[in-house]
Amino acid sequence: MEFRDLKSQYSRYKLEIDEAISNVLSKANFISGEEVKTLESKLAKYVGVKHCITCANGTDALNLALMAWKIGEGDAVFVPDFTFFASGEVVALQGATPVFVDVDKETFNIDTVKLEEAIIETIKLGKVTPKVIVAVDLFGLPANYSEIRRIANQYNLLILEDAAQGFGGSINGKRAGSFGDISTTSFFPAKPLGCYGDGGAIFTDNDNWAKQLESLRIHGKGEDKYDNVQVGLNSRLDTIQAGILNVKLDAFINHELADVNKVADYYNRELTGLVKLPVVPVDYESSWAQYTLTLESKEQREGLQSFLKSEGIPSMVYYVKPMHRQNAFQIENYDEANFPITNRLSDTVLSLPMGPYVTEEIVITVSEVIKKYMQNVRM
Ligand SMILES: *Cc1c(COP(=O)(O)O)cnc(C)c1O
């Protein structure tokens with residue numbers, strides 16, 4: 001059994017994907033070919049925003065957004081404590097100060113009450129100026145944007161939506177990737193919409209920022225790429241990856257998003273009452289980058305994970321280390337009392353095999369093993 005099955009998708013779409021790749025090979029338009037433009041318009045339409053700018057990966061997408069806003073030294077950027085490293089790494093890379101905020105124990109997304117407290121505290125300390133909230137759509141579930149937007153308006157902050165895992169999710173039909181002033185996603189192979197290597201995209205309705213991003217991703221180009229008006233990056237999406245994504249985006253829209261939600265329903269049906277299941281609030285739709293259980297203790301999590309492994313079932317811990325404890329950030333004097341939920345989640349979460357090609361039989365097999373383990377620990 002695979003944790004994320006990418007092979008079934010390839011065998012189903014082999015003809016189309018191989019054709020997309022060989023088209024690029026025969027045209028030899030490896031960089032900035034027409035497939036890239038086609039993909040950008042399809043993505044913008046699906047997400048429901050005016051501009052989509054693709055780039056080399058999801059981390060660059062975040063970096064480029066912060067660069068377009070000229071975020072740097074002296075600026076505070078609020079980031080959830082429970083996320084993938086890149087969400088905070090880009091803030092530090094731009095020279096700004098990441099301020100980590102604990103998350104909600106039900107949704108795993110940024111706790112908006114603690115977010116507002118952290119903003120007030122940062123203003124009071126007066127060392128760095130609040131500028132941006134990085135809102136992460138963790139495991140596929142969009143963050144609480146009605147509250148985040150209210151807070152952003154009140155304190156005059158920008159929202160950077162990190163939808164690397166959230167692509168395809170929605171709130172009341174409004175898609176992830178449309179909630180930020182700028183939003184980003186990743187096409188890393190294991191994400192909800194993945195390519196066959198690295199890739200990323202940036203979304204915005206703002207014409208000026210879109211223009212900035214277009215320039216920044218190609219060495220800060222002006223009129224052409226040999227006229228450089230600012231210092232940027234070399235961060236384009238390869239034409240081959242765009243060709244592959246054009247096929248995979250259609251599959252994602254036509255059936256994969258619905259299928260992965262069916263898989264979540266199967267897990268919910270099999271595991272209800274046995275362990276704490278992931279929560280999707282009313283009016284929210286998840287794209288299920290992960291299906292994540294919360295166990296009662298670290299010992300129970302480790303016990304279940306080894307039992308699953310002994311039965312040939314892969315599982316993963318996302319994330320074992322809270323951001324505030326990552327040595328890379330060299331945060332002095334952090335107070336563990338500020339992060340009770342992240343600290344607990346990092347000890348107790350466990351993600352199961354997930355994806356649109358997981359069958360009902362696989363879910364039943366995995367669930368039977370979990371049942372067996374949970375019944376034994378209860379005895
Ligand atoms: C994967 C991921 C990223 C980075 O994407 P890459 O394409 O791997 O650079 C950023 N944020 C989150 C939340 C992610 O899961």
Side-chain angles (χ1 to χ4, degrees), residues 3-4 6 39 43 52-67 77-94 98 100-101 103-104 107-110 132-145 148 159-169 176-177 179-180 182-203 213 217 233-238 241-242 244-245 248 260 278 286-292 316-323 326 328-329 342 345-346 349 351 354-355:
F3 182 72
R4 183 123 194 142
L6 300 173
L39 175 69
L43 285 168
C52 170
I53 300 99
T54 54
C55 62
N57 57 68
T59 307
D60 275 6
L62 292 165
N63 266 317
L64 287 162
L66 294 177
M67 288 166 80
V77 177
F78 300 85
V79 180
D81 195 38
F82 191 56
T83 181
F84 178 61
F85 183 63
S87 313
E89 179 186 29
V90 294
V91 176
L93 188 68
Q94 297 306 323
F100 296 113
V101 179
V103 296
D104 179 86
T107 63
F108 306 155
N109 284 326
I110 199 162
V132 176
I133 301 164
V134 174
V136 178
D137 303 331
L138 203 74
F139 301 158
L141 182 72
N144 180 356
Y145 288 103
I148 294 169
I159 299 175
L160 175 53
E161 177 188 4
D162 179 354
Q165 301 178 17
F167 185 85
F179 295 109
I182 297 180
S183 305
T184 63
T185 197
S186 161
F187 303 125
F188 182 82
K191 307 279 168 159
L193 177 65
C195 60
Y196 288 169
D198 279 310
I202 313 166
F203 303 97
L213 291 162
R217 77 168 161 177
L233 300 178
N234 173 18
S235 186
R236 291 168 295 225
L237 181 73
D238 292 350
Q241 299 300 344
I244 294 163
L245 281 165
K248 299 222 310 172
V260 79
S286 178
S287 58
W288 296 108
Q290 304 297 338
Y291 185 91
T292 304
M316 300 290 278
V317 175
Y318 299 120
Y319 294 94
V320 77
K321 196 170 190 180
M323 295 288 267
Q326 293 287 5
F329 295 120
T342 301
L345 290 176
S346 58
V349 289
S351 299
M354 190 53 171

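Just so you know, ligand 1 is whichever comes first in the structure, and atom 1 is the first atom listed for that ligand.
Using cut-offs of 30° and 60° for the angle between ring planes, the F179 and Y145 rings count as parallel. Classification of the Y318-F139 ring pair by plane angle, with boundaries at 30° and 60°, yields tilted.
For the side-chain contact (heavy atoms from CB on, under 4.5 Å) test with F187, the passing option among L245, N57, D198, I244 is L245; the others fail.
Judged purely by atom type and a 3.5 angstrom limit, S286 uses its side chain to pair as donor or acceptor with the backbone of W288.
A 4.5 Å side-chain heavy-atom check between Q165 and V136 finds every atom pair outside the cut-off.
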Can you list every pair where an N/O of ligand 1 is under 3.5 Å from an N/O on the protein?
from, atom 1, to, atom 2, distance (Å)
ligand 1, 5 (O), S186, OG, 3.3
ligand 1, 7 (O), G58, N, 2.7
ligand 1, 7 (O), S186, OG, 2.7
ligand 1, 9 (O), G58, N, 3.3
ligand 1, 9 (O), T59, N, 2.8
ligand 1, 9 (O), T59, OG1, 2.5
ligand 1, 11 (N), D162, OD1, 3.3
ligand 1, 11 (N), D162, OD2, 2.7
ligand 1, 15 (O), Q165, NE2, 2.7
ligand 1, 15 (O), K191, NZ, 2.6

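A cation-pi geometry, defined here as NZ or CZ lying under 6.0 Å from the six-membered ring centre and within 45° of its normal, holds between K191 and F84.
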